[in-house]
Amino acid sequence: MMNLNILESNYLQIDNFLTREDKKRSLNYVFAEEAEFVPTSTATDEVNYRRSSVLYSFPEFAELIRDRIQSVALDIFRTLELPPFSVDYIESQLTAHNDGNYSYRHIG
């Protein structure tokens, strides 16, 4: 069994980050673009660590996510006790976990 040192950290949960309409539009978009999703992988190519599908390009919703993050950035910095900095790039992806799919926890 692996011995992990778990450190306490601040976190911020943002309720209603997306509006009900945003969620509805994004779900319709996902269904319309279902054929464009590709199988996920891991940086280490570890087998049986993750099974899901991903869409890397979705400009309309990537912009929405970026705008929402930027609108709450000051609250994020304050809550996480970080000095404010400019957010120039936000990487995003849409990941789908269907029946039987899984992803182990992220450690790093």
Side-chain angles (χ1 to χ4, degrees):
M1 183 168 158
M2 185 182 341
N3 184 12
L4 299 175
N5 292 324
I6 299 176
L7 303 175
E8 287 189 35
S9 62
N10 293 335
Y11 68 92
L12 175 64
Q13 177 176 318
I14 303 172
D15 295 326
N16 302 311
F17 181 74
L18 296 177
T19 67
R20 182 174 294 228
E21 182 59 30
D22 293 334
K23 292 174 191 175
K24 183 178 177 181
R25 285 180 40 236
S26 64
L27 192 55
N28 288 336
Y29 182 82
V30 165
F31 288 135
E33 299 296 319
E34 185 176 2
E36 300 303 317
F37 279 75
V38 297
T40 55
S41 62
T42 63
T44 61
D45 291 325
E46 188 171 340
V47 179
N48 296 325
Y49 190 82
R50 179 180 187 180
R51 182 181 302 148
S52 55
S53 299
V54 66
L55 182 63
Y56 291 108
S57 179
F58 51 103
E60 176 182 341
F61 291 101
E63 183 177 338
L64 171 67
I65 299 296
R66 186 193 69 235
D67 291 347
R68 294 289 164 84
I69 290 172
Q70 289 177 334
S71 74
V72 296
L74 290 178
D75 290 333
I76 293 170
F77 296 139
R78 187 174 25 259
T79 301
L80 299 180
E81 300 175 355
L82 297 170
F85 57 87
S86 175
V87 179
D88 297 325
Y89 176 75
I90 297 173
E91 180 180 346
S92 57
Q93 66 184 43
L94 283 172
T95 304
H97 289 87
N98 294 310
D99 189 33
N101 288 171
Y102 56 87
S103 179
Y104 288 97
R105 65 184 168 159
H106 294 50
I107 300 174

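Keep in mind it's a predicted model, so treat the numbers as computed, not measured.
For Lys23, the NZ atom is densely surrounded, since the number of other residues' heavy atoms within 6.0 Å is greater than 12. Around the CD atom of Glu34, the shell of radius 6.0 Å holds no more than 12 heavy atoms that belong to other residues, nucleotides or ligands. The environment of CD in Glu21 is crowded: more than 12 heavy-atom neighbours from other residues, nucleotides or ligands sit within 6.0 Å.
Considering only residues two or more places apart in sequence or on other chains, Arg68 meets the salt bridge (charged side-chain N to carboxylate O under 4.0 Å, His left out) condition with Asp22.
Separating the CD atom in Glu33 from the OG atom in Ser26 is a distance of 12.5 Å, to the nearest 0.5 Å. How far OG of Ser86 is from CD of Gln70: 8.0 Å, rounded to the nearest 0.5 Å.
Cluster note: Leu27 groups with Phe31 through ILVMFWY side-chain heavy atoms spaced under 4.5 Å, whether in direct contact or through intervening members. Residues Leu12, Ile14, Phe17, Tyr29, Val30, Phe37, Leu55, Phe58, Phe61, Leu64, Ile65, Ile69, Val72, Leu74, Ile76, Phe77, Leu80, Leu82, Phe85, Val87, Ile90, Leu94 make up the rest of the hydrophobic cluster containing Leu18, defined by ILVMFWY side-chain heavy atoms closer than 4.5 Å, directly or through other members.
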